[in-house]
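Order of listing sets the numbers, starting from 1, for every ligand and every atom in it.
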Amino acid sequence: MKIDDIRQVLIIGSGTMGQQIGFQCALSGYDVALYDMEQGILDNAMDRINRLANSFVSDGRLTKEAAEEVMEKIRTTIDAEDAGKKADFVSESVPEDPELKGRVFAQFNKICPAHTIFTTNTSSLIPSMFAEATGRPGRFAAFHFHDVRFNNIVDIMPHPGTSHETLELIKAFADRIGQVAIVLQKENFGYVFNAMLMELMKSAQSLAANNVASIEDIDRAWMGVMHTQVGPFGIMDSIGLDTVWKVTDYWANILKDPQAIANAAFMKKYVDAGNVGVKTGKGFYSYPAPAFGEPGFIEGKQS
Ligand SMILES: NC(=O)c1ccc[n+]([C@@H]2O[C@H](COP(=O)([O-])OP(=O)(O)OC[C@H]3O[C@@H](n4cnc5c(N)ncnc54)[C@H](O)[C@@H]3O)[C@@H](O)[C@H]2O)c1
């Protein structure tokens, strides 16, 4: 199989990420089938993809006509047979559960042609956790997106059984859809960027939970030295403190690390108070105008 043989892309799961990945593939000229369990979910997904396309028009990345053409390349279906029988490339974005992901791939393994490449957009799992369950481990790897609205970095993470041909095809496909691929040489929880981000968040949480410095000063230190517009606590607010707490708590329980347990307790106070960041208007900072975005924040001279 050659990269030009990939024409039809199947997106399994039409939530936050399935919408973005489907849009990005259609934007690059691929015919996209968006599959989910209910038509209402798919209708909602199409509304959101339409909004995404309109935002590309507003900021000049697409003309109105081009945006309409992109939308025409995306179709929805709740019929697995219809979704999978002509797919050349599959990107799965169902919820983060290895058993569910394995089950969904096993279902599509029976439907898709033998040449179809299977990829998972998992954020915290590794592909070998459900490679055998896919029924075609050689044609399967992780292909992980961050946020196509703001960046074009993707991770490609093969498992030990991924074939060389599959890896090369996924790399070529990433290039065709305008993404810069970070290709892992071995499996690693959190890929590359998320692995670094987790460490940064853990250090920042430990500093605050141990009362070493204030939240603002920790962010100020990072932003001032690294010349960034946001620090670790601002980043956590935008991810969502509920999500950050879940991940922190999950690993604290697995590793039984006392500092991670203290960090999880520190995060939970915010979650229990319903202050989970940008999406609720309050987290470590208040939104839409957080203090770290005001002039003079780094100098500690805000009005
Ligand atoms: N949200 C993020 O920022 C982000 C970033 C990178 C990777 N991811 C990963 O992407 C995956 C999806 O995350 P999301 O945030 O898009 O989740 P989401 O909850 O927004 O969407 C999941 C979708 O999968 C559908 N679904 C559930 N079971 C299904 C099934 N059996 N068959 C078909 N569809 C099914 C749901 O109806 C829903 O529409 C997860 O593995 C997550 O770890 C998420």
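Note that OH of Tyr250 and CG of Leu255 are 9.5 Å apart. Values are rounded to the nearest 0.5 Å. To the nearest 0.5 angstrom, Ile74 atom CD1 is 4.5 Å from Ile49 atom CD1.
Which parts of ligand 1 touch Ile41 is read off a 4.0 Å heavy-atom cut-off, strictly below it: atoms 37 (O), 39 (O). Heavy-atom contacts of Tyr35 reach the following atoms of ligand 1: 32 (N), 33 (C) (cutoff under 4.0 Å). The contact set between ligand 1 and His144, taken as ligand atoms under 4.0 Å from a residue heavy atom, comprises 6 (C), 7 (C). Close approach of ligand 1 to Phe145 is summarised as follows: ligand atoms under 4.0 Å from at least one heavy atom of the residue are 6 (C). In summary, the atoms of ligand 1 found under 4.0 Å from a heavy atom of Thr122, numbered by their order in the structure, are 41 (O). The Thr16 neighbourhood of ligand 1 comprises atoms 15 (O), 16 (O), 20 (O), with distances under 4.0 Å to a heavy atom of that residue. Under a 4.0 Å criterion applied to the non-hydrogen atoms of Ser14, ligand 1 contributes the atoms 39 (O). Per-residue contacts place Lys101 under 4.0 angstrom from the following atoms of ligand 1 (heavy atoms of the residue considered): 40 (C), 41 (O).
Connection of Phe118 to Met17 is not established within any shared hydrophobic cluster, with ILVMFWY side chains joined at heavy-atom distances below 4.5 Å, either directly or through further cluster members. A chain of hydrophobic side-chain contacts below 4.5 Å, direct or via other Ile, Leu, Val, Met, Phe, Trp or Tyr residues, connects Val9 to Ile3. The same ILVMFWY cluster, assembled from side-chain heavy atoms under 4.5 Å apart, contains both Leu125 and Val192. Criterion: ILVMFWY side-chain heavy atoms under 4.5 Å apart, direct or through other members. Under it, Phe284 and Met198 are part of a common hydrophobic cluster.
Of the protein's non-hydrogen atoms, the one nearest atom 43 (O) of ligand 1 is Ser123 OG, 2.4 Å. Among protein heavy atoms, the minimum distance from atom 9 (C) of ligand 1 is reached at Asn121 O, 3.3 Å. Looking only at heavy atoms of the protein, atom 21 (O) of ligand 1 is closest to Gly15 CA, 3.3 Å. Protein heavy atom in closest approach to atom 41 (O) of ligand 1: Glu96 OE1, 2.5 Å. When hydrogens are left out, the protein atom nearest atom 27 (C) of ligand 1 is Pro95 CD, 3.3 Å; that is the closest non-hydrogen contact. Of all protein heavy atoms, the one closest to atom 29 (C) of ligand 1 is Met37 SD, 3.6 Å.
Of the candidates Ala80, Ser93, Pro98, Ser124, it is Ser93 that places a heavy atom closest to atom 22 (C) of ligand 1. Scanning Asp36, Val94, Asp155 for the heavy atom closest to atom 25 (C) of ligand 1 points to Asp36.
Of the polar atoms of Met17, at least one N or O is found under 3.5 Å from an N or O of ligand 1, judged by distance alone.
Here the two rings, on Phe143 and Phe145, have centers that are under 6.0 Å apart. Taking the centre of each ring, Tyr270 and Phe233 stay at or above the 6.0 Å mark. Between Phe89 and Tyr30, the distance separating the two ring centers is not shorter than 6.0 angstrom.
At a distance under 4.0 Å, a protein heavy atom can be found next to atom 32 (N) of ligand 1.
Around CD of Gln229, the count of heavy atoms belonging to other residues, nucleotides or ligands within 6.0 Å does not exceed 12.
Looking only at atom types and distance, the side chain of His146 has a donor-acceptor partner in the side chain of Asp155 under 3.5 Å away. For the residue pair Thr77 and Asp82, a side-chain donor N or O sits within less than 3.5 Å of a side-chain acceptor on the partner.
Using a 4.0 Å heavy-atom cutoff, Gln19 is absent from the residues neighbouring ligand 1.
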